[in-house]
Amino acid sequence: MKRIQLCPKCLKVSGTPVLAVVILIATTAVAMAILPQTQSAFNASRLLPRAIDLYKNWLEGPVSYIINPRESVAFESLTSNAEREMFLRQFWERRNPSPGGRTNAFKEEFFRRVDYADAHFAAGYPGWKSDRGHMYILYGPPDEIQYHPTSTPYHFSVWKYQHLGKLGNDVVFVFVDLTGNGDYRIASPPWK
């Protein structure tokens, strides 16, 4: 291995190599000074799509069952993550039965129902996306469930609610599994 020495005698040989070394050292120093800033800007630009995906997933996830159209349009018009975070706080606070409290019973119950739906109604996709999961998230556990696994060519389940707000009294949902794989689809929505 040949060593390169920088000595006064070597510098007199030619000005070009010395100038090249000085430029190299200066360029390296500048690059090292701006690298952390460039690197953080690069990482931020890479993370931005992930953050946007996160918010898009929030809007298209189980929250889609409870967000109203005006809120959805407002959320989609937001331009910064700080605005989106503020929107989320206000979104849940508007639904809080005890505004300003330390806990939000509505939000906690909502996510408990989502977790239950995912655990009990998944059929090749998350349980919250299923018809039973959708109804469970919106209305909670039914007052009565009847399973009919073999009484017809198709398995079906009947959910009965004594009272469901605007839907009224004695509301019944019928879910039918036409494929036999646990994918129960709603057969008789009470609002039609």
Side-chain angles (χ1 to χ4, degrees), residues 51-79 81 83-192:
I52 290 170
D53 286 346
L54 206 91
Y55 292 113
K56 183 179 179 187
N57 289 341
W58 178 84
L59 187 60
E60 294 174 356
V63 167
S64 64
Y65 298 151
I66 62 171
I67 193 168
N68 67 48
R70 194 176 80 237
E71 288 173 320
S72 185
V73 168
F75 184 79
E76 289 177 339
S77 71
L78 300 175
T79 58
N81 289 342
E83 290 175 338
R84 291 179 187 98
E85 286 300 320
M86 178 62 77
F87 179 95
L88 294 179
R89 282 193 294 278
Q90 292 171 352
F91 175 85
W92 292 114
E93 189 62 19
R94 280 191 295 277
R95 289 156 175 80
N96 190 352
S98 303
R102 296 191 74 161
T103 61
N104 184 330
F106 179 90
K107 182 179 179 182
E108 289 175 4
E109 176 63 11
F110 177 81
F111 285 109
R112 186 198 64 75
R113 291 179 185 184
V114 170
D115 290 343
Y116 184 90
D118 282 344
H120 293 89
F121 307 130
Y125 49 87
W128 70 264
K129 289 184 174 184
S130 71
D131 288 349
R132 292 184 299 168
H134 185 167
M135 296 305 111
Y136 188 88
I137 291 167
L138 287 178
Y139 306 119
D143 297 312
E144 181 184 339
I145 298 177
Q146 299 173 356
Y147 287 102
H148 302 277
T150 57
S151 59
T152 68
Y154 305 108
H155 302 290
F156 71 98
S157 176
V158 178
W159 289 14
K160 296 180 180 180
Y161 292 88
Q162 292 177 0
H163 181 75
L164 280 183
K166 294 177 182 177
L167 296 179
N169 297 324
D170 300 319
V171 178
V172 175
F173 296 100
V174 178
F175 301 96
V176 180
D177 180 6
L178 298 173
T179 61
N181 68 0
D183 187 12
Y184 285 81
R185 300 294 176 129
I186 196 161
S188 62
W191 53 86
K192 287 189 176 181

Legend entry - Residues in side chain to side chain contact (heavy atoms under 4.5 Å, CB included) contact with Asp143, at least two apart in sequence or another chain: Tyr161, Gln162
Legend entry - Listed partners of Lys160 passing side chain to side chain contact (heavy atoms under 4.5 Å, CB included), at least two apart: Glu144, Gln146, Val158, Val172
Legend entry - For the student: nearest non-hydrogen atoms of Pro99 and Asn96, plus distance: CD-O, 3.4 Å
Legend entry - Check: Asn104 side chain, Trp92 main-chain N or O, donor-acceptor pair, under 3.5 Å: yes
Inset, instruction - To the nearest 0.5 angstrom, please state how far the CH2 atom of Trp159 sits from the CZ atom of Arg132. - result: 6.5 Å
Legend entry - Sequence-distant partners of Tyr65, side chain to side chain contact (heavy atoms under 4.5 Å, CB included), two or more places apart: Trp128, His134, Ile137, Leu138
Legend entry - Side-chain donor-acceptor contact under 3.5 Å, Tyr55 with Glu85: yes
Inset, instruction - Give a yes or no answer on whether the side chain of Ser98 reaches the backbone of Gly101 with a donor-acceptor pair at less than 3.5 Å. - result: no
Legend entry - Residues which pass ring pair (Phe, Tyr, Trp, His ring centres under 6.0 Å) with Phe106, listed by chain and number, not counting sequence neighbours: none
Inset, instruction - Mind checking the CG-CG spacing from Leu164 to Asn169? Nearest 0.5 Å is all I need. - result: 9.0 Å
Legend entry - Where at least one partner belongs to residues 88-106, residue pairs that pass salt bridge (charged side-chain N to carboxylate O under 4.0 Å, His left out), sequence neighbours excluded: Glu71-Arg94, Glu71-Arg95
Legend entry - Spacing of Asn57 atom CG and Ser64 atom OG [to the nearest 0.5 Å]: 11.5 Å
Legend entry - Point-to-point distance, once rounded to the nearest 0.5 Å, from CZ of Phe156 to NE2 of His148: 4.0 Å
Legend entry - With Glu109 via side-chain hydrogen bond (donor to acceptor under 3.5 Å, both in side chains) - residues at least two apart: Arg112, Arg113
Legend entry - Residue pair Phe173 / Asp131, side-chain heavy-atom distance below 4.5 Å: no
Inset, instruction - Go through the structure and list residues passing ring pair (Phe, Tyr, Trp, His ring centres under 6.0 Å) with Phe75, not counting sequence neighbours. - result: Trp58, Phe87
Inset, instruction - Using the test side-chain hydrogen bond (donor to acceptor under 3.5 Å, both in side chains), find all partners of Thr179 that sit at least two apart in sequence or belong to another chain. - result: Asp177, Asn181
Inset, instruction - Show your working on side-chain contact (heavy atoms from CB on, under 4.5 Å) between Tyr147 and His155 and close with a plain yes or no. - result: CA-CA 8 Å; Tyr147 287 102; His155 302 290; over 6 Å; no
Inset, instruction - First locate atom OG of Ser157, then atom OH of Tyr184, and finally report the distance between them rounded to the nearest 0.5 Å. - result: 6.5 Å
Inset, instruction - Can you sort out the partners of Glu76 under side chain to side chain contact (heavy atoms under 4.5 Å, CB included), two or more places apart, ordered by chain and number? - result: Leu59, Ser72
Inset, instruction - Calculate, to the nearest 0.5 Å, the distance between atoms CD1 and CZ belonging to Ile66 and Phe110 respectively. - result: 4.0 Å
Legend entry - Qualifying residues under salt bridge (Lys or Arg N to Asp or Glu O under 4.0 Å), relative to Asp183, sequence neighbours excluded: Arg185
Inset, instruction - Over all heavy atoms of both residues, which pair between Gly133 and Ala117 is shortest? Give the atoms and the distance, please. - result: CA-CB, 3.7 Å
Inset, instruction - Sequence neighbours left out, what passes side-chain hydrogen bond (donor to acceptor under 3.5 Å, both in side chains) with Thr79? Give chain and number order. - result: Glu83
Legend entry - Residues that Tyr116 engages under ring pair (Phe, Tyr, Trp, His ring centres under 6.0 Å), provided they are two or more places apart: His120, Phe121, Tyr136
